[in-house]
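The structure displayed is predicted, hence computed values, not measured ones. All chains are named by letter (A, B, ...) in the order of the sequence lines, taking the proteins before the strands, and each is independently numbered beginning at 1.
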Amino acid sequence: DTGVSQDPRHKITKRGQNVTFRCDPISEHNRLYWYRQTLGQGPEFLTYFQNEAQLEKSRLLSDRFSAERPKGSFSTLEIQRTEQGDSAMYLCASSLVSKAGELFFGEGSRLTVL
Amino acid sequence: RKEVEQDPGPFNVPEGATVAFNCTYSNSASQSFFWYRQDCRKEPKLLMSVYSSGNEDGRFTAQLNRASQYISLLIRDSKLSDSATYLCVAYGGSQGNLIFGKGTKLSVKP
């Protein structure tokens, strides 16, 4: 399967703990996006990379959130000192620069903060 | 004001009906527009791009009105399998990211 893969699919953690999600995009895609989605809402933009460069971060992304894409391939999203409000589905997507609106999403990583 | 706004629905229609969704966007610099489909508890998937001249893909027709800053999606001859949430997306302008609306839920009944 050469689609976008995310790991873990589910994560339950206690408030205050750190969590890290990983995303492996489609191999030839140079753009990688992170979105967050809660029930009844559309995906909410967090950040995106073009190759290894992080080009944009949402104002909603507090300093507890950090994302990396060190070699322009896979990406990680870390949330430090988790809060209950961080509970959501974290979606990763990738695309070609030439087809930037055509995102391919992974199945998501569902975070539950107790 | 949200950047991309949609009527959340739900739209409950019988099989075979024609249904239309509208979406408005606030950033006049947005360059491209798309409709995505999201099934319950699944990831969003691209349904179709929206071209300035309007475009059709089988039973689906998308149109863009830049002057009024709205996008529409028309579904003809609705099928049970069309039941999903339809997400309107704007891309470009001053940002390189894609902005999603909250989605419009469609339920097609037998």
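Considering only heavy-atom pairs separated by less than 4.5 Å from chain B, the leading option among A:Ser95, A:Gly106, A:Ala93, A:Gly40 is A:Gly106. Interface summary for chain A: among B:Ala90, B:Pro8, B:Pro44, B:Ser32, the most heavy-atom pairs under 4.5 angstrom belong to B:Pro44.
Of the N and O atoms on the side chains of B:Thr24 and B:Gln69, not one donor lies less than 3.5 Å from an acceptor on the other residue. Side-chain contact annotation: A:Glu68 with A:Gln54, donor-acceptor N/O pair under 3.5 Å absent.
In this structure, chain B has a heavy atom under 4.5 Å from the side chain of A:Tyr35, while its backbone stays farther away. Only the side chain of B:Gln38 comes within less than 4.5 Å of a heavy atom of chain A; its backbone N, CA, C and O stay farther away. When heavy atoms are compared at a cutoff of 4.5 Å, A:Gln37 approaches chain B solely by way of its side chain, counted from C-beta outward. Contacts between A:Leu103 and chain B at a heavy-atom distance below 4.5 Å involve backbone atoms as well as side-chain atoms. For B:Tyr36, the part sitting under 4.5 Å from any heavy atom of chain A is the side chain, from C-beta outward, and nothing else. For chain A, the nearby part of B:Ser49 is the side chain; its heavy atoms alone come within less than 4.5 Å.
Between A:Glu44 and A:Arg36 a salt bridge is recorded (basic side-chain N to carboxylate O distance below 4.0 Å). Ion pairing of B:Asp77 with B:Lys79 is present here, as a side-chain N (NZ or NE/NH1/NH2) and a carboxylate O approach within less than 4.0 Å.
By the 6.0 Å and 45° rule, A:Arg31 does not stack over the aromatic ring of A:Tyr48.
Atom CZ of B:Phe60 sits in a crowded spot, with more than 12 heavy atoms from other residues, nucleotides or ligands closer than 6.0 Å.
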